[in-house]
Each structure stands twice: as structure tokens, then as C-alpha cells.
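Proteins come first, then strands; the chains are lettered A, B, ... in the order of their sequence lines, and each starts at number 1.
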Amino acid sequence: MNNRQVGEIFDAMADMLDIQGAGYHRVRAYRRAAENVAALGQPLQEIWSRGELESIPGIGATLAAKIDELMRTGQLEAYQQLRAQIPEGVVAMLQITGIGPKTAARLWKELGLESIEALERAAEAGRVRDLSGLGPKTEQNILAGIDALKRRTGRTRMGDAWPLARDMLAALRETKGVRQAAPAGSLRRMRETIGDLDLLVASSDPESVMSRFRQLPQVEEVLLSGPTKTSIRTHQGFQVDLRVLEPARWGTALVYFTGSKAHNIRLRGLALDRGLSLSEYALKREDGSEILCGTEAEVYETLGLPFIPPELREDRGEVEAALAGSLPDLVKLRDLRGDLQFHTTRSDGHHTLLEMAESAQAYGLEYALVTDHSHGLGVTGGLTVSDLQEQQAEIAAVNRQLGGGFRLLAGVEVEVRGNGSLDLPDEALAGLDLVVAAVHSGLRQSRDQLTTRMVAAIENPHVDIIAHPTGRLIGEREPGDLELEAVFAAAAATGTALEVNAHPARLDLKDVHVRRAIEMGVGLVISSDAHAAGDFQLLEFGVATAQRGWAAAGDILNTRPLESLLDWADRGPAGHTQRHR
DNA sequence: GCCGTTTTCGGCCCGACTGTTTTCAGTCG
């Protein structure tokens, strides 16, 4: 029973309790527990075996007992009972926009509808309007919502949502009266996937902004539109919400719409402690007078807090840290001096070594490590020992050509074979500046097998960095079944670094694992995994992921100057012996 | 169901929009 499974059970229980009409706060307690379990970054099972479940925020005696039951028996009586009482299809109705727990319960109990399909037939037949309080419009909205649900492909990757947000905001900025325009919501917090896109605009002429927004070429359908809020659906079925407000209220609005919801609730609690009420419009005193905040910093300051970066706003301890003055000094994009994974046309990259080096230099990097695939990864036509030697000569030539201020480093992304050995000989690896090792095949191995294999790679004295440790592809492929605690322990013991792969499809390690790895003393690197000259910009996503994992510059090895990085890697035998003690 | 320099009970964030109502419930974020 892993963290994800427990979280899903608590979330499902929250849905079912909600339909049953359980109290709002009880339902919220289950949802909060689900979120906090998902945010742990370490196995719930280990916390359970140490008897420390109640140390998890939002887990009290009752929920701890439920987790205990799940861990011991793999079952949960209370969950089974709920499932027996409420048809699965009724719970599924909650996914339809516009249908909440109250409506779902009534459709089920009063119309006998037990699935989305049955609901669709009833709505088409005009039977839904028979319920008091539901009319023809609601019926049409339900049908539109079912249609949207069928087309919905789940959450969108951060890397796909950003271009859409940038395009729409650029268009809105051209509208008269606009002072500020920014993304908000999970996109601004740089979550790996985005549900709906939230945009925020400050303008003296809201109606012009709304009008422009409704007419953007990306818009397929206007879902709702009022003076301050408009929601649309794009042709791809992606929902975008726009809020427009007056510039003087920008700070409170940006805090509010950036969220997370859980973070906002904490801020509101702090406001109440100070006799204030916080909304998206202002902080309000008890006498009704308003404190307007034009910046986010003013909002936090009024609450007695330092500025909390959006990437931390998940109610994962950032409010406590802010109160204690112990917020981390997060790593910034500009702290990165180099990149430690990119590819060229020698394997599966699209540009030559020189083109990639020039792009890396133009991007502002001081060094970059070439890491074409080794030959074991057949699909990419990877490097043999002699290819690697040829490339080293080429690297020297490019370094001479580019001159000072930038240094290309010799490396490889060597394949970790099924048994944990590497598919290049020691002699070939010894001549490189840094060696990156990765698993690309056999990710479906058993937990024991995969973990043993990964630990073997980590303990290999030639290996400096493990690339994309879990192998996941967001929305496409589940991570390998790894015992990450063992991987982190091995990495910390040997001084082998783990990668935070910046590609938006990977983001691997992910945020909560970054945080756990740092706690365990693991050194990290942020790498672009660039396959084309423009891909160094992806580093931004890797930095954001590290920030979400509370990483400071000191936790990230490629923030170091070249000399210091090479000292760490120390290719000499003594250095390795020392580091792999 | 959680939680506590308001501590074992009584709180638990705040507001917009819609559809259906004659003043508001439900949903959403």
C-alpha cells in the first residue's frame, strides 16, 4: 500500500462522504490528508512502521487508525462500506463541470441515475429538468460538461501550458487600460501538470479586456462571462479562467489566484489572528476599512511574514518556516553556471556539437557536459568506445574555437544494463570529465531488481550522476518501481549526484523527492537533457522543480564554478576512493 | 476529522457566477 494508493482512497472517501452529505469540514479533512500523504516524498509505510503517522499534518487518531488498517490488511472497512452504499458512476459524475455532490446525490436518488451514460440519456430525453431547481439550461450544461469530459485528456504538462499562457497574455497586454498581466494558479506555482489555466489582469477598462479575451483565436466556447471573471474552453478542450481587477488590488489578487487553496486558507487564518479578513480584493479590518496591497510582498508583510515564493505555496510547511524566519534561499536560474546533460547528432540530438556549444554559451552558461547515449540504447544509435574517442577530439577542437569563458566537458549518458553493469568499459569512462548513467530499458523490473540495479550504478566509482532516476514520462509512463529511500541512501553514501531532469515530460526527480533527497544529504544537479539548440531554456523547468523541492543553490552541484565542480568529480583514483568511501 | 499561547470543544476562508429562484443554493476556484 503506497502513498499514492492511500491518497486515492482518502480522496475517493471524501467524494463519497460529500455525496452522502457529510459535513464540509470532515470532507475537507479527508482531502487534506490525501494531499499531505501525496506530498510526503518518503514512504508512508516507513512512517507507519515507526509509529509516527500522527506527526503528518492533517492526520489525527482516526485517520492514523485507517492508515494502520490499510497497511496491515490492505483493506479499509469504512472505504468498502462507502463503496457499497454509493454507485461508482455517481461518484464519477463529480468530474462533470457544474455537477457537485448535492446535484449528483439528487440525480441518483430522485431520478435513479447511476452512471454518466445514464445521466447523458436522461438529459437528452429532457428528464433532468423534472427536478426542482434544475431547468433546461442546467440540462444543456450537463450535456456540454459530459462532452468536455469525454474530450479531456487529463492534466496538461507545465511545458505545454506555458506557451498558451504566454500567447494569451501577450494579446491581452495590447488591450487598452491594461497595467499588469500574469499567469496565476498551479502554472505560476510551477506544478508539473496544470488542470485549468488561470490568468490575471489589472486594468482600468475591464470590459475591453473581457471582450478581447472572448475573441482570442484559441477560444472555442465561452463558458461563463461576468464583469470580473470569464471562463473559456480552447479548441483542445483546455479551460482558461481570466480575472480582471483594479491595479491597486493586484497584490491580494495575485496571492489569492496563485494559491494553492491550502496555502490561502493558512494565510486567511493568520489574517484572522490579526483581526483582519483576507480576500482577493483586500485585507479588511473589523471596522470594515480596507488595506489595499498593490504587491504580494505587502500582503505577506501585513500578515507578519516574509515573501513566500509561489513555488513553495502548497501548505507543506512554508507558512511555519516563514513565521520562524527559516524559509530556504531557493536556487535561482541565474545560479546555474553549467548544464550537465545534452545530446548531439552523434546520438539522438538534432544539432551538432558546435551548434549546441554555441547555444549553451549564448544562453549564458559557463560550461556544458556532452552526454550522448552509449551504444547499448540501440534506438538512438549511440556511441561506441571509438565514437567516444572521436568525440573527445571534437570537443577539444570546439573548445579551442569558442575560446575563453565557456568550456565544453566530455561526458556520456551511459546505459545501465539489466544487471546493473554499464555498457562501456572502465577505460573509456575513466577518460571523461563526468559520467552520467541512466536506465532506459527494463523499467518494469521488480522493485528489488530495479533498486539493486540502480544502487549498483550509483556505487560504480566511475559514475558521477544518475540521470532521470525514476524514468517516468508524465502522462505517458509510470515511474519505475524503485525503493527510493535505498537509492537516496546509496547516493548520499557514495557522493553520487542525482539529476533533476528539466524536460517538462520528465521533471525527474520530482519536487517532493527533491526535498526528501536533500534531507538525506544527496547532492543534486539540474540538467536540461537538451536534444536541440533551443532546449537549454528548459533549465527553467528544472530549477522550478528544485525550488518546489525547497532546494537552495548549495544543494545543486552545477551552481558551482567549473573548478569546484571538477574538484567534486575528481577524476583521479584518490579522489574517487575518497568520495566513495 | 483535525487542532490547540482562544487546548478536549467549537471552531474550521471568502467571493463570483449561474440558474433558478422571488431571496438563494450549488458549484467553483
Original post:
Taking for each residue the nucleotide of DNA chain B bearing the nearest heavy atom, is the 5' side occupied by A:Gly100 or by A:Arg26?
Top reply: A:Arg26

Original post:
Between atom CD1 in A:Ile59 and atom P in B:dC3, what is the gap in whole Å?
Top reply: 8 Å

Original post:
Which value, in whole Å, describes the distance between the P atoms of nucleotides B:dT22 and B:dG26?
Top reply: 14 Å

Original post:
So, for A:Ile308 and A:Glu318, which heavy atoms are closest and what is the spacing to 0.1 Å?
Top reply: CG2-CG, 3.9 Å

**OP:** May I ask you to evaluate whether A:Thr62 reaches the phosphate of B:dC2, defined as a side-chain N or O under 4.0 Å from OP1 or OP2?
**Re:** yes

Original post:
If you take all heavy atoms of A:Leu538 and A:Ala502, which pair is closest and at what distance?
Top reply: O-CB, 3.3 Å

**OP:** Rounded to whole angstrom, note down the P distance from B:dT7 over to B:dC12.
**Re:** 15 Å

Original post:
When rounded to the nearest Å, what value does the distance between C1' atoms of B:dG4 and B:dC14 take?
Top reply: 24 Å

Original post:
Rounded to whole angstroms, how far apart are NZ on A:Lys102 and P on B:dC24?
Top reply: 17 Å

Subject >> Short side-chain N/O contact from A:Thr97 to OP1 or OP2 of B:dT27, under 4.0 Å >> reply: no

**OP:** Mind calculating the distance between CZ (A:Arg106) and C1' (B:dG26) to the nearest angstrom?
**Re:** 11 Å

Original post:
Would A:Arg516 and A:Glu485 pass as an ion pair if we require N to O under 4.0 Å?
Top reply: yes

Original post:
Taking OH from A:Tyr30 and P from B:dC2, how many angstroms apart are they, rounded to a whole number?
Top reply: 8 Å

Subject >> Parallel, tilted or perpendicular: rings of A:Tyr300 and A:His263 (30°, 60°) >> reply: tilted

Original post:
Expressed in whole Å, how much space separates the P atoms belonging to B:dG10 and B:dG15?
Top reply: 26 Å

Subject >> Separation of atom CG in A:Leu270 from atom C1' in B:dT6, rounded to whole Å >> reply: 15 Å

Subject >> Inter-nucleotide C1' distance (B:dT6, B:dG11), Å rounded >> reply: 10 Å

Original post:
A:Ile96 CD1 to B:dT27 P: how many Å, rounded?
Top reply: 12 Å

Original post:
Given the P atoms of B:dT23 and B:dC28, what is the spacing between them in whole Å?
Top reply: 25 Å

Original post:
What integer number of Å spans the C1' atoms of B:dC13 and B:dT8?
Top reply: 24 Å

Subject >> Nearest-Å distance for atom pair CG/P, residues A:Leu94 and B:dG26 >> reply: 14 Å

Original post:
Whole Å only: how far is the CG atom of A:Leu242 from the P atom of B:dG29?
Top reply: 15 Å

Original post:
Can you name the residues that form a salt bridge (Lys or Arg N to Asp or Glu O under 4.0 Å) with A:Arg249, not counting sequence neighbours?
Top reply: A:Glu246, A:Glu290

Subject >> Complementary nucleotide for B:dT8 - Watson-Crick or wobble, under 3.5 Å >> reply: none

Original post:
After noting the C-alpha distance and the side-chain angles of A:Asp511 and A:Thr545, does the key distance pass the side chain to side chain donor-acceptor pair (under 3.5 Å) rule?
Top reply: CA-CA 5 Å; A:Asp511 52 9; A:Thr545 299; over 6 Å; no

Original post:
Where along nucleotides 11-21 of chain B does protein come under 4.0 Å, by heavy atom, of base (B) or sugar-phosphate alone (S), with - for untouched nucleotides?
Top reply: -BBBSSSSSS-

**OP:** Quick one: closest heavy-atom pair of A:Ala161 and A:Leu197, and the distance?
**Re:** O-CD2, 4.4 Å

**OP:** Taking the six-membered ring of A:Phe307 (Phe, Tyr or Trp), confirm whether the NZ or CZ of A:Arg313 is under 6.0 Å from its centre and within 45° of its axis.
**Re:** yes

